[in-house]
Amino acid sequence: MIRMRSICRDFRLGDETVHALANVDLDVADGEMIALMGPSGSGKSTLLNIIGCLDSASSGSYSLAGEETSGLSEGRLADIRQRRIGFVFQSFHLVPRLTGLKNVELPMVFAGVSSSERKERARGALHSVGLDHRMNHRPDQLSGGERQRVAIARSMVMKPDLLLADEPTGNLDTRAGNEIISVIEEMNRGGLTVVLVTHDATLAARAQRVVRLVDGRVSGNGTESPS
């Protein structure tokens with residue numbers, strides 16, 4: 001699914017160049033679930049943004065599902081983000097005035113899916129995360145765990161091949177966090193490839209593999225067992 005070779009990402013800050021990523025190699029197989037770990041500033045989120053085609057490497061090669069992404073047009077990158085990748089963030093990023101159902105429909109609105117099909121698929125996605133009874137509630141009427149379930153349903157409604165989760169349990173208590181990871185694990189068992197960023201060693205232990213970043217570099221060979 002993911003093949004990265006010699007990925008570098010540099011940023012200019014005044015007269016200085018910051019090397020956020022330096023010669024990162026990473027392979028993620030179809031259907032694998034990996035955790036990215038490392039201290040703040042180690043490059044985890046930068047790497048996740050490049051994997052998600054939200055940012056581009058300064059140099060190196062990144063192939064997603066066999067397609068080399070460097071040099072692709074913004075239109076093609078947007079199409080990949082819309083149709084191949086689901087995103088889940090710590091802060092949910094739901095539209096406050098919309099119900100859970102309408103929030104889940106949003107990606108399909110942008111993709112030009114018909115109204116009837118949007119509703120059917122959104123209901124199905126919310127059912128898959130156990131929110132049939134809450135789909136007509138707004139985010140401020142939902143618990144943190146329920147909001148994250150809506151966010152996961154929204155990320156999956158376009159049937160992506162890859163789910164990227166950036167601290168998906170960071171704003172949740174232990175019980176809700178465990179429920180969210182159980183939902184993600186179930187999707188992974190169904191064949192979804194998952195890359196998640198976390199500071200939580202207990203959460204990382206539920207991945208099949210842990211990749212540690214230190215100062216923008218993969219520590220060791222990037223094949224650490226979560227146990």
Side-chain angles (χ1 to χ4, degrees), residues 1-12 18-38 41-95 103-113 121 125 148 151-168 170 184 187-188 191-198 207 209 211 213 216-218 222:
M1 173 63 67
I2 293 169
R3 185 179 187 275
M4 291 181 144
R5 293 293 180 269
S6 302
I7 291 292
C8 297
R9 184 64 173 103
D10 302 329
F11 296 97
R12 293 288 297 177
V18 176
H19 303 290
L21 295 173
N23 294 313
V24 169
D25 292 343
L26 178 66
D27 291 292
V28 182
D30 286 349
E32 189 175 12
M33 178 174 171
I34 75 163
L36 298 179
M37 296 193 75
S42 61
K44 303 183 301 298
S45 291
T46 299
L47 181 58
L48 200 72
N49 285 341
I50 292 174
I51 293 172
C53 297
L54 296 168
D55 191 14
S56 298
S58 301
S59 61
S61 172
Y62 168 35
S63 176
L64 177 63
E67 182 175 7
E68 176 59 46
T69 63
S70 59
L72 291 179
S73 68
E74 183 51 44
R76 177 56 186 152
L77 291 173
D79 185 64
I80 290 173
R81 290 192 298 268
Q82 182 181 76
R83 300 183 182 277
R84 306 209 68 156
I85 305 173
F87 298 90
V88 177
F89 301 99
Q90 179 176 344
S91 299
F92 317 131
H93 295 311
L94 301 178
V95 179
N103 266 284
V104 175
E105 285 187 44
L106 276 178
M108 295 182 287
V109 172
F110 299 131
V113 178
R121 286 169 58 176
Q148 192 63 293
I152 291 172
R154 182 184 58 191
S155 75
M156 297 305 300
V157 78
M158 292 297 293
K159 301 178 181 178
D161 306 308
L162 173 65
L163 178 68
L164 304 181
D166 194 353
E167 299 284 2
I184 293 175
M187 292 176 174
N188 174 245
L192 181 69
T193 305
V194 179
V195 178
L196 63 90
V197 165
T198 184
R209 179 162 56 100
V211 175
L213 289 173
R217 298 177 182 273
V218 173

ask   = So, for Gly43 and Leu21, which heavy atoms are closest and what is the spacing to 0.1 Å?
value = O-CD2, 3.6 Å
key: With sequence neighbours excluded, residues passing side-chain contact (heavy atoms from CB on, under 4.5 Å) with Asp27   = Arg3, Arg5
message = Run the salt bridge (Lys or Arg N to Asp or Glu O under 4.0 Å) test against Asp161 and tell me which residues pass, sequence neighbours left out.
response = Arg84
ask   = Of Arg154, Gln82, Arg121, which meets side-chain contact (heavy atoms from CB on, under 4.5 Å) against Met108?
value = Arg121
inquiry  = I'd like to check the side-chain contact (heavy atoms from CB on, under 4.5 Å) partners of Ser58; sequence neighbours left out, ordered by chain and number.
reply    = Arg9, Asp10
query = Of the non-hydrogen atoms in Ala207 and Ala35, which two are nearest, and what is the gap between them?
reply = CB-N, 3.8 Å
query = For the residue pair Val24 and Gly216, what are the closest heavy atoms and their distance?
reply = CG2-O, 3.4 Å
inquiry  = So, using salt bridge (Lys or Arg N to Asp or Glu O under 4.0 Å) as the criterion, who are the partners of Asp79 when residues are at least two apart?
reply    = Arg76, Arg83
inquiry  = Holding to side-chain contact (heavy atoms from CB on, under 4.5 Å), I want the full list of residues that pass it with Arg81, two or more places apart in sequence or in another chain.
reply    = Cys53, Leu54, Glu74, Leu77, Ala78, Phe87
task = Please report the closest heavy-atom contact between Ala151 and Val88, naming both atoms and the distance.
result = O-CG2, 4.4 Å
task = Using atom types as modelled and distance alone, determine if a side-chain donor or acceptor of Thr193 lies under 3.5 Å from a backbone N or O of Gly31.
result = yes
Working for side chain to side chain contact (heavy atoms under 4.5 Å, CB included), residues Leu162 and Val195 = CA-CA 8 Å; Leu162 173 65; Val195 178; 4.2 Å; yes
message = Are the side chains of Leu196 and Ile34 in contact, using a 4.5 Å heavy-atom criterion?
response = no
inquiry  = Donor-acceptor check, side chain of Asp166 to backbone of Val197, threshold 3.5 angstrom: yes or no?
reply    = no
request  = Check the pair Met4 / Val28 against side chain to side chain contact (heavy atoms under 4.5 Å, CB included), numbers first and verdict last.
outcome  = CA-CA 9 Å; Met4 291 181 144; Val28 182; over 6 Å; no
ask   = Would Val211 and Met37 satisfy side chain to side chain contact (heavy atoms under 4.5 Å, CB included), going step by step from the backbone distance to the final call?
value = CA-CA 6 Å; Val211 175; Met37 296 193 75; over 6 Å; no
Nearest non-hydrogen partners of Leu106 and Val95, listed with the distance = CD1-CG2, 3.6 Å
query = Is there any ring-ring contact (aromatic ring centres under 6.0 Å, His included) pair reaching into residues 55-81, and which pairs are they, with sequence neighbours excluded?
reply = none
Backbone of Gly38 reached by a side-chain donor or acceptor of Lys44 within 3.5 Å = yes
ask   = Can you find a pair of side-chain heavy atoms, one from Leu213 and one from Leu47, that are under 4.5 Å apart?
value = yes
